[in-house]
Amino acid sequence: MTKDVVRLYAIVLTVLALFGVWAVVAARPWAEPAAAVAPDPRIAALERREANLQKRAASAQKIVARRMAEYRAAVARAAAVARQPAPAPVQAAAPAPVRIVQAAPITSSRSS
Amino acid sequence: MGSGEPSREIATRTFPAMGTTIDVFIEATDQRMTDDAAAAVTGEFLRLEEIFSRFSPHSELSRLNAGRGDAASPDLLAVVAMALDARVRSGGRFDPTVHDALVAAGYDRTFDEVVARGALPGAAHPRPAGGGVQVDRAAGTVALALGTRLDLGGIAKGYAVDRAVAIAGAAGPCLVNAGGDIAVAGLPEAGMWPVAVETPGGSLTVGLTSGALATSGVDRRRWARGDVEAHHVIDPLTGLPAATDLLRVTVSAPTAVEAEWRATELLVAGADRAAAIAERDDLSTVLVRRDGDTILTGALR
């Protein structure tokens with residue numbers, strides 16, 4: 001091998017090593033992974049709120065369903081009562097505790 | 001006596017109390033029960049007079065008015081509470097805090113002593129009512145605002161009458177009349193208790209089957225102050241004897257307490273307003289105007 005060939009090989013190897021080092025440096029294996037970056041707190045809050053709303057909506061649906069069932073039952077009862085015959089008329093009001101009479105008084109109510 | 005049932009007669013007992021004459025009528029077949037009931041009623045009136053008389057310095061009311069009240073008795077608590085309720089329901093026309101106005105008008109001693117004293121010089125100084133009164137049933141106390149004193153004369157008499165018929169009613173149908181404040185319990189053989197109510201033309205007879213009747217007027221407890229006639233029905237708003245065109249008011253109510261304050265309310269209100277109140281509240285009343293007209297309302301119409 002001549003000196004020129006050796007020199008050529010050395011230059012090529014140096015360039016290759018240079019590229020290799022560059023590649024390693026570019027890869028930055030000592031750096032933290034991207035997934036370890038803190039997430040946006042606003043997004044986390046939105047997600048929590050959405051979960052909460054879904055849970056409350058489910059509870060509200062149950063309450064509405066129960067009240068609707070009670071309402072339907074009340075309507076059915078009222079309809080059954082309406083189909084029954086009318087009740088007897090109420091009794092006349094009690095007579096007033098005082099009235100003018102034609103009788104000899106037993107005593108008198110005078111100014112006190 | 002074919003039925004075998006003992007005859008029922010109405011026995012009468014009369015005694016003085018609370019500055020007036022008390023009449024007790026009991027229809028019973030048992031003389032002993034009648035006597036016992038009458039004695040119990042007498043004792044009750046005297047007991048309550050010791051609590052409510054503003055003329056006795058040792059009465060519970062006088063001690064309260066003097067700021068020396070301790071724990072209030074159940075009767076005082078009850079009557080003060082009723083009086084405050086009446087103040088609200090009457091729109092202030094009945095007010096238990098008219099004590100100072102009554103005294104300023106000249107009613108500072110028993111009425112017999114007022115009559116004996118004769119006319120007073122000069123006009124009365126107005127003492128508007130409306131003072132603060134606090135009833136604490138839990139603690140059993142009555143607290144009066146500074147300068148506030150109570151007169152419970154009329155309403156206490158009504159209270160005594162209600163209690164008296166409850167006591168006497170155990171012996172049989174009864175009627176108790178305390179100077180015009182009347183309450184009944186049960187029905188006599190006649191089916192009702194006939195009571196005379198004075199009118200300008202004489203009187204009319206009212207048949208009472210339950211509840212009570214009371215009359216308030218300016219024609220009896222009155223005296224002269226200078227050129228003006230004073231009387232014992234104070235208008236709480238002015239603090240002076242009420243300037244009313246009514247001479248006398250008789251009211252029917254479920255209890256003697258209510259009949260008493262209603263009568264005062266209507267007397268203070270005057271004829272037109274009293275008739276309107278009677279119509280609104282469905283009251284049976286006899287309203288006698290000073291000009292001689294008589295207005296009947298409710299079941300007495």
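Order of the sequence lines fixes the chain letters, A, B, ..., with proteins taken first and strands second; residue numbering starts at 1 for each chain.
With a 6.0 Å radius and a threshold of 12 heavy atoms from other residues, nucleotides or ligands, B/Arg280 has its CZ atom above the threshold. Counting non-hydrogen atoms of neighbouring residues, nucleotides and ligands closer than 6.0 angstrom, the CD atom of A/Gln102 reaches no more than 12 such neighbours.
We find the CG-CZ distance between B/Asp181 and A/Arg110 to be 10.0 Å, quoted to the nearest 0.5 Å. Separating the NE2 atom in B/His231 from the OG atom in A/Ser111 is a distance of 11.0 Å, to the nearest 0.5 Å. Put simply, CD1 on B/Ile10 and OG1 on A/Thr107 are 11.0 Å apart, with the number rounded to the nearest 0.5 Å. Distance check, rounded to the nearest 0.5 Å: CG of B/Asp23 to CD1 of A/Ile106 gives 9.5 Å.
Both the backbone and the side chain of B/Leu208 come within less than 4.5 Å of a heavy atom in chain A. With a threshold of 4.5 angstrom between heavy atoms, B/Ser216 approaches chain A through N, CA, C or O but not through any side-chain atom.
In this structure a side-chain-to-backbone donor-acceptor pair under 3.5 Å is present from B/Thr209 to A/Pro97. Judged by distance alone, the side chain of B/Asn177 and the main-chain N or O of A/Ser109 form no donor-acceptor pair under 3.5 Å.
Your options are B/Gly179, B/Gly180, B/Pro194, and the one with the most heavy-atom pairs under 4.5 Å with chain A is B/Pro194. In terms of non-hydrogen atom pairs under 4.5 Å with chain A, the most contact-rich of B/Thr20, B/Thr250, B/Val195, B/Val184 is B/Val195. Put simply, of B/Glu198, B/Arg221, B/Glu260, the one with the most heavy-atom pairs under 4.5 Å next to chain A is B/Arg221. Of the listed residues B/Ala214, B/Ser252, B/Ala196, B/Gly217, the one with more heavy-atom pairs under 4.5 angstrom with chain A than any other is B/Ala196.
Take B/Ala171 and apply the side chain to side chain contact (heavy atoms under 4.5 Å, CB included) test, not counting sequence neighbours, and it matches B/Ile26, B/Met33, B/Ala37.
Contact annotation for residues 290-301 of chain B against chain A (heavy-atom separation below 4.5 Å, listed by residue number): B/Leu296, B/Ala299, B/Leu300.
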